[in-house]
There are 2 protein chains.
Amino acid sequence: MSHITLDDVAKVSGFSKSTVSRVLRNDPNVNPITKEKVEQVAQRLGYIPNIVARSLRSKKTTTIGVVIADICNPFFPSVVRGVEDVAREKGYSIILCNTDEKYEREKEALNTLIQKRVDGLLISPVQKKFDDLLELRRQKIPFVLIGRHFDPLEMDHIVTDDIRGAFMATEYLIKKGHKKILFINGPLYTSCARERMAGYKKALVENNIKLDTKLLKEGALKMEDGYRVIKKAISSKLDFTAVFAFSDLVAFGVIKALKEQGRKMPDDVAVVGYDNIDFGFSLELPLTTVHIPKYELGSEGMKLLHRKINEKINETQKIVLDTKLIIRDSA
Amino acid sequence: MSHITLDDVAKVSGFSKSTVSRVLRNDPNVNPITKEKVEQVAQRLGYIPNIVARSLRSKKTTTIGVVIADICNPFFPSVVRGVEDVAREKGYSIILCNTDEKYEREKEALNTLIQKRVDGLLISPVQKKFDDLLELRRQKIPFVLIGRHFDPLEMDHIVTDDIRGAFMATEYLIKKGHKKILFINGPLYTSCARERMAGYKKALVENNIKLDTKLLKEGALKMEDGYRVIKKAISSKLDFTAVFAFSDLVAFGVIKALKEQGRKMPDDVAVVGYDNIDFGFSLELPLTTVHIPKYELGSEGMKLLHRKINEKINETQKIVLDTKLIIRDSA
DNA sequence: TGATAATTTGAAATCGATACCAAATAAGCT
DNA sequence: AGCTTATTTGGTATCGATTTCAAATTATCA
């Protein structure tokens, strides 16, 4: 006795495979009495449906792929949690893949996910290239981008209003009297870095502050990056009174470097982060930051994906969630 | 043209399905010249193997289930990352499920994972009941418990030495002169809470300190729990000079409450946490804590699972990883 | 009551691969 | 050359469900 199959249930209950299948799928076209009988037999035999077989025939796996940079980046757990909650509710499981911000890894992940025939994908794309995404489109596999988007490519996505987020952060610093705001931005191949740059510049322009390109740094993703930039800035005597960091993680590095250099926060240097990750509040000086609705990014993204999978929506859906400034003590 | 199948590749290349299948699986029993030809055709047609079909026949899905309490609990991302890295390397994908520490959710998760025919499971069990795990065993599905274990049940697991961890933490506090150490433990249905309790008591005994049950609290899992316990302890004038918390998360709550009550750390009250999560260092006063090798818990757990799946190991494997005390400033 | 429609059931084909065994071909050796 | 063995290939059954379409049964109503 290897495993009880639908066949076994059919034989024992005396009904056909078709009928048994209908019962187990809760197909309404079946006599309640029959249903009852079949269910009892299934129960008694300890029948466990084989979803692999079902998937092969029905061409649905009730599984979706979630491709992110790194679950250890405190930005992502909430996103993934949002996805999983909605996915579970709708009957999907999620396969999680980390790319470490490497295009090749993203491509590999998408490949196996395609081969495993996931019903759809939620992707926080690396954005160094996008051939792999075009391939998804060619395969007609529904997918939704999370947190980043490719502007001219007309792909479904859910993002946050980063122009506004960066604008608010920068303007807040300006209103506090800062004119020399060091902007440690992320890699410019990401849409969010480009948009935050736009927000930063917009705030400067509207407040008649001339852009100083020496105050623009890019490519920061991790704590070390923030740390390194500050160390270098200080050793090269760069003049700045405030720092706007690409992420809270980067801001943490900034704060660490500042502390080591004996610069006081927020008096010597004001610091504003981005993301509003947990524990940003538990710093020596709670971090002022721009809040991103991370959970909603995931949950709403999954809802959109679900619609994409089940309804035939042709137009590209673009969702933009609001950001908001969280004022605490670091600026 | 819906999708290119192995059949199509066979027809176009002129070889049989069997041969084509062998080529695509890298079976060595095939003429290199044939292999070359078939691969070219597959490439040209844009053939994408259907792993669902393969899984049905081969009874292997190259997918494993990962069941944890909550990816948003900062303890888990590293664990999951460790799992995923090794899994990917060995050719597996991971399906992630959150249980929120609820038995019913765990049971549901295991059910769908069984139905999806995962090759194995990594589980951080809720431990309120374990019928679902016995069912896994009955189904002969390999699984490894992570971070928690059921002592008399002889199940494979990978855990940390929590008796020693709690012992070290407690003894450290004692050596610092503390005699009244409030122990805010986790729920006693978890093996780790019970072991930490044992470590705590052992340290007291070895140092001739009488156990005061009023200093024992249990059931704490989240920040709020730590916060609440301290508030209540202080309002009821409980006498303590140190706190040993079940987790860093709980310790954060403790610290918050302490701060609100105007008690200084570490002079009025010393605090020690557990887990050594990221950002524990970035507190006002960096947190003294017990380090758990989270990544290794995941990666080694996955390695063990892989062996369990591929070799027929009958004896139960129990792995115990070392904990270590991280001395910082909070105690 | 008899014709028609609705409900319920079943038989067979199918999803796309792998497994198993047999056949064909090539290689090795006395 | 002739026989044995190794290598390579092919045919068919199979994994375990769903789908499609037809048949049987029951219900509806003039």
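Convention: sequence-line order gives letters A, B, ...; per-chain numbering from 1. Quick caveat, the model's predicted, so the values are computed rather than measured. Side-chain atoms are counted along with the backbone in the values below, which use heavy atoms only and exclude waters and symmetry mates.
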Got a donor-acceptor pair under 3.5 Å from the side chain of [X] to the base of [N]?
X	N	answer
B:S16	D:dG11	no
B:S58	C:dA17	no
B:R54	C:dT18	no

Hey, which sits more toward the 5' end of DNA chain D by its nearest nucleotide, B:V30 or A:L56? B:V30

If you assign B:R57 and B:T34 each to the DNA chain D nucleotide with the nearest heavy atom, which residue ends up on the more 5' nucleotide? B:T34

Residue mapping more 5' on DNA chain C - nearest nucleotide basis, B:A53 or B:R22: B:A53

Does atom CD of A:E311 have more than 12 heavy-atom neighbours, drawn from other residues, nucleotides or ligands, at distances under 6.0 Å? yes

Answer yes or no: does a side-chain N or O of A:K17 lie under 4.0 Å from OP1 or OP2 of C:dA12? no

Identified side chain to side chain contact (heavy atoms under 4.5 Å, CB included) partner of B:Y47 from the options B:L24, B:V38, B:D8: B:L24

Exactly one of A:T61, A:V52, A:N50, A:T63 clears side chain to side chain contact (heavy atoms under 4.5 Å, CB included) with B:K116, and that residue is A:T63

Give the intermediate values and the outcome of side-chain contact (heavy atoms from CB on, under 4.5 Å) for residues B:V159 and B:S191. CA-CA 10 Å; B:V159 296; B:S191 54; 5.7 Å; no

Provide, to the nearest angstrom, the distance between the CG atom belonging to A:N31 and the P atom belonging to C:dT8. 6 Å

Five-pair end axes of the helix from C:dT1-D:dA30 to C:dT30-D:dA1 and the angle they enclose, rounded to 10°: 30°

State plainly whether the residues B:K107 and B:E104 are in salt-bridge range, i.e. N to O under 4.0 Å. no

What heavy-atom pair brings B:N98 and B:D70 nearest, and what distance separates the two atoms? ND2-CA, 3.3 Å

